[in-house]
Chemist: 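This is the structure, below, for whatever I ask next.
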Amino acid sequence: MNMLDGLNPAQRVAVQTIEGPLLILAGPGSGKTRVITHRVAYLVNTCAVSPKRIMAVTFTNKAAREMRERLHGLLGRTAQDLSLGTFHAICAGILRREGKAMGLTPSYVIYDEADQLSLIKRCLQELNLDPKRYAPKYFVSGISACKSQLIKPEDYALCVNSYIEELLQRVYRHYQMLLEQSQALDFDDLLMRTYHLFDTHPEILRRYQSRYLHLLIDEFQDTNATQYALAKQMGGKYRNICVVGDPDQSIYSWRYADLRNILSFEKDFPEARVVFLEQNYRSTMNILEAAHTVVSINENRKENRLWTDNAAGLPVRIAETYSEAEEAQYVVSEIATLSQQGEARPVDCAVMYRTNAQSRAIEEAFVRYGLPYQLVGSVKFYERREVKDVLAYLRLIHNPYDSVSLMRIINVPPRNIGQRTIDEFTQWANSQAIAPYTGLERLSTDRTVSPLSARATQALISFYEMIQPLVKKSTEVNVVDLLDTVLDVSGYKAHALSFADGEDRWENILELRGIAADHQQAGPTESLSSFLEAVALFTDVDELDERRDAVTLITLHQAKGLEFPVVFITGCEDGLIPLHWGTLEETDLAEERRLLFVGMTRARHRLLLTHARKRRRHGKLQKCQVSPFLADIEKQLLDRLAHRAVKKRAPRRDQPTLFEL
DNA sequence: CGAAAGGCTCTTTTT
DNA sequence: GAGCCTTTCG
């Protein structure tokens with residue numbers, strides 16, 4: 001099969017330019033995915049490059065999985081040999097194999113944001129800082145900012161300018177110390193520590209550099225400085241680095257993605273070739289024009305003028321509603337009508353919003369109408385209490401130094417280890433400069449060292465004596481058996497079931513058990529490891545099920561990379577799009593425009609933008625104005641529906657409510 | 001010492 | 001409106 005079939009000239013150049021650095025600027029709907037997969041297939045089939053020598057980096061796990069599936073179709077079994085995943089997943093693997101060189105155990109655990117937050121709180125406590133005065137979240141994001149730019153605590157010490165920065169420096173240093181003690185890495189560490197591993201161990205870097213003949217990075221506009229530095233390291237030998245992205249779709253600067261990466265790629269690699277993919281195959285001309293207007297207002301853009309052969313299509317609709325409830329009704333009734341008329345099935349439709357909080361009203365309307373829907377990532381599975389608890393047991397068993405997990409479950413279910421006991425115990429462990437688990441170990445060998453009452457000491461020792469045999473067992477049995485034993489021995493099963501919603505909790509635990517069952521390939525330790533790693537890096541977009549005939553409810557951010565025949569963007573109001581909150585931080589209007597651009601360009605045939613006059617926010621009813629971003633769109637592209645007209649289309653809810661806004 | 005109830009604050013986007 | 005923390009009660 002010829003890998004160039006069905007590609008336009010620009011796409012062919014993007015596939016065939018395999019020597020040296022290459023920048024592919026790919027607008028929305030320009031066949032980017034096709035180009036990337038065909039490029040990899042071209043390298044393997046036509047240029048005889050071994051799949052083992054190709055690394056492709058995607059933004060989400062889902063994108064990685066889909067790419068592997070497509071490549072499996074083009075290449076067959078050998079697609080398994082490609083290194084394909086997110087930066088985080090790839091780095092997690094490298095550190096699993098090579099971390100020993102810098103004192104990292106292969107059973108290290110990955111801390112998610114909740115774990116980070118709880119560790120930060122512990123830092124504040126140990127540094128005698130009042131968490132009410134200094135928001136823990138501030139430190140989480142400050143540390144993340146540092147790590148995204150390869151700034152270590154000692155580097156940061158050099159550029160401290162204010163008291164709060166001084167505090168950040170101290171918290172950062174302490175936090176890193178605790179992470180190390182816990183043999184744990186946060187998301188940013190996965191990247192930063194891989195960079196430092198390569199930086200301090202040239203022999204390891206050389207191995208990876210020599211292995212990867214070709215490097216391909218997707219969604220390059222949303223990479224941070226650390227990720228770019230990693231790419232330069234790994235591609236340093238052959239310089240066959242191909243980056244794909246679109247500056248207009250950069251929407252993660254709040255996560256410290258750095259647009260400069262893509263804007264200055266040509267300066268960093270003067271020999272780079274640049275390919276523009278400007279033909280859009282996805283959207284109607286009206287949709288494309290309207291979306292372009294929104295983003296074209298931005299200054300300092302790299303103009304990428306999209307065009308399409310598609311028909312003008314329907315005008316973009318802007319509909320005003322009275323309240324968010326009416327907005328939701330309108331959306332649902334429009335979808336119901338389209339569905340009845342056979343114009344679109346529910347699965348063809350997506351409802352997008354800026355904040356997750358908005359999904360609630362929409363969801364209610366779907367329930368009321370009995371229309372099937374699929375909510376992406378709102379009640380996050382891996383954030384459920386019971387799921388986190390059970391995972392904490394497994395993590396602790398896998399890596400007993402993991403102090404966050406230990407603290408989480410030491411008294412869950414209740415086993416008479418109260419806050420006071422915990423505080424005194426931690427203080428004692430800290431004074432001995434040992435990890436909490438080591439402290440438990442010591443107490444059990446010699447309880448006379450205990451600073452606590454005999455009763456408290458006994459409770460701690462009992463906990464240790466429950467966990468320790470499980471640690472041994474974890475190297476002998478598979479994940480599912482281990483999980484079953486944990487649920488039994490710890491009393492967690494009974495604990496979960498004892499709640500009013502116990503059945504639901506147990507269901508979730510069983511679901512987790514099912515996921516664990518998928519990881520039983522290798523030996524016990526490896527499968528536990530791979531299960532915990534997969535779980536840590538999993539995100540909610542990953543579970544979007546395209547086979548169900550249901551409407552997708554999704555945030556604008558999560559919608560990146562997806563497409564739907566019919567798209568609703570709700571809450572197109574000043575304050576929501578663009579989002580602005582208290583006085584704390586400034587709104588990046590350019591990024592807000594890009595976000596709306598991303599949302600609009602997800603639509604193939606129909607695009608409907610809705611805004612409400614009144615909306616509940618922060619528990620208060622607020623008056624809302626239409627988003628200023630819509631003002632510049634030319635009138636002939638639009639079909640404006642005033643509130644009165646909307647009301648006729650959106651029949652009243654079939655159940656009476658107490659308060660009509 | 002631990003559990004339950006009430007008061008408090010804070011509300012963006014996610015690997 | 002929700003989750004977190006503190007207070008109160010057992």
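Just so it is clear, the model here is predicted, and its values are computed rather than measured. The chains referred to below are lettered A, B, ... by the order of the sequence lines, with proteins before strands, and numbering in each begins at 1.
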Chemist: Does NZ or CZ of A/Lys232 fall inside the cone over A/Tyr228's six-membered ring, less than 6.0 Å from its centre and within 45° of the axis?
Modeler: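 Checked: cation-pi criterion met.
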Chemist: What is the separation between atom CG on A/Leu117 and atom C1' on C/dG3, rounded to the nearest whole Å?
Modeler: 12 Å
Chemist: Can you tell me the Watson-Crick or wobble partner of C/dT8, both distances under 3.5 angstrom?
Modeler: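 Because both required distances fall under 3.5 Å, C/dT8 counts as paired with B/dA3.
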Chemist: Atom CD of A/Glu591 and atom C1' of B/dT14: how far apart are they, to the nearest Å?
Modeler: 13 Å
Chemist: Taking the side chain of A/Thr355 as its heavy atoms from C-beta onward, which of B/dT15, B/dT11, B/dT13 lies nearest to it?
Modeler: B/dT13
Chemist: Mind calculating the distance between CZ (A/Arg455) and C1' (B/dC1) to the nearest angstrom?
Modeler: 6 Å
Chemist: Rounding to a whole Å, what distance do you find between A/Lys560:NZ and B/dT12:P?
Modeler: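 Answer to the nearest Å: 20 Å.
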Chemist: Can you check the distance between C/dC4 and B/dT13, where both ends of the measurement are the P atom (answer in whole Å)?
Modeler: 15 Å
Chemist: Over all strands shown, is A/Tyr252 touching base, sugar-phosphate only, or nothing at heavy-atom distances under 4.0 angstrom?
Modeler: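 If one applies the 4.0 Å heavy-atom cut-off, A/Tyr252 turns out to touch the sugar-phosphate alone, with no base involved.
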Chemist: Under 3.5 Å for both donor-acceptor distances, Watson-Crick or wobble: does B/dT9 have a partner, and if so which one?
Modeler: C/dA2
Chemist: Using a cut-off of less than 4.0 Å, is there contact between a side-chain N or O of A/Thr555 and OP1 or OP2 of B/dT14?
Modeler: yes
Chemist: For the residue pair A/Tyr252 and A/His557, does the interplanar ring angle fall in the parallel (under 30°), tilted (30 to 60°) or perpendicular (over 60°) class?
Modeler: perpendicular
Chemist: A/Gln558 side chain N/O closer than 4.0 Å to the phosphate oxygens (OP1, OP2) of B/dT14?
Modeler: yes
Chemist: Regarding A/Asp188, tell me which of base, sugar-phosphate or nothing describes its non-hydrogen contacts under 4.0 Å with the strands shown.
Modeler: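 If one applies the 4.0 Å heavy-atom cut-off, A/Asp188 turns out to touch nothing in the nucleic acid.
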Chemist: Can you find a side chain N or O atom of A/Asn356 that sits less than 4.0 Å from OP1 or OP2 on B/dT13?
Modeler: yes
Chemist: Which value, rounded to the nearest 0.5 Å, describes the distance between A/Ser182 atom OG and A/Asp115 atom CG?
Modeler: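 Result: 10.0 Å between the selected atoms.
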Chemist: Does a side-chain N or O from A/Lys121 land closer than 4.0 Å to OP1 or OP2 of C/dC5, or not?
Modeler: yes
Chemist: Would you mind reading off the distance between A/Phe187 atom CZ and B/dT14 atom C1', rounded to a whole angstrom?
Modeler: 8 Å
Chemist: Decide whether A/Ser144 and A/Asp188 meet the rule of one side-chain donor and one side-chain acceptor closer than 3.5 Å.
Modeler: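 Note: A/Ser144 and A/Asp188 side chains meet the donor-acceptor criterion.
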Chemist: Return no unless some side-chain N or O of A/Arg360 is found under 4.0 Å from OP1 or OP2 of C/dA2.
Modeler: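 Looking at the OP1 and OP2 atoms of C/dA2, one of them is under 4.0 Å from a side-chain N or O of A/Arg360.
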Chemist: Which is more 5' along DNA chain B, the nucleotide nearest A/Leu595 or the one nearest A/Ser453? Just name the residue.
Modeler: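 On the 5' side of the pair lies A/Ser453.
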Chemist: Rounding to an integer number of Å, can you tell me how far A/Asp258 CG sits from B/dT15 P?
Modeler: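 Spelled out: CG on A/Asp258 to P on B/dT15 is 20 Å.
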Chemist: What is the distance from CD of A/Glu533 to C1' of B/dT15, rounded to the nearest Å?
Modeler: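 Distance check: A/Glu533 CD to B/dT15 C1' gives 13 Å.
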Chemist: Tell me whether the guanidinium CZ or amine NZ of A/Arg96 lies under 6.0 angstrom from the six-membered ring centre of A/Tyr108 and within 45° of its axis.
Modeler: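 Cation-pi check for A/Arg96 and A/Tyr108: passes.
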Chemist: Could you state the atom-to-atom distance from CD1 of A/Ile569 to P of B/dT13 in whole Å?
Modeler: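 It is 16 Å, rounded to the nearest whole Å.
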Chemist: With the criterion set at under 5.5 Å between ring centres and under 30 degrees between planes, would B/dT13 be stacked on A/Trp254?
Modeler: yes
Chemist: Would you say the side chain of A/Arg354 and the base of B/dT13 hold a donor-acceptor pair, judged only by whether the two atoms sit under 3.5 Å apart?
Modeler: yes
Chemist: So what does A/Leu190 touch, heavy atoms closer than 4.0 Å: a base, only the sugar-phosphate, or nothing?
Modeler: nothing
Chemist: Answer with yes or no after comparing the ring centroid distance for A/Tyr175 and A/Phe139 against a 6.0 Å cut-off, counting only values under it.
Modeler: no
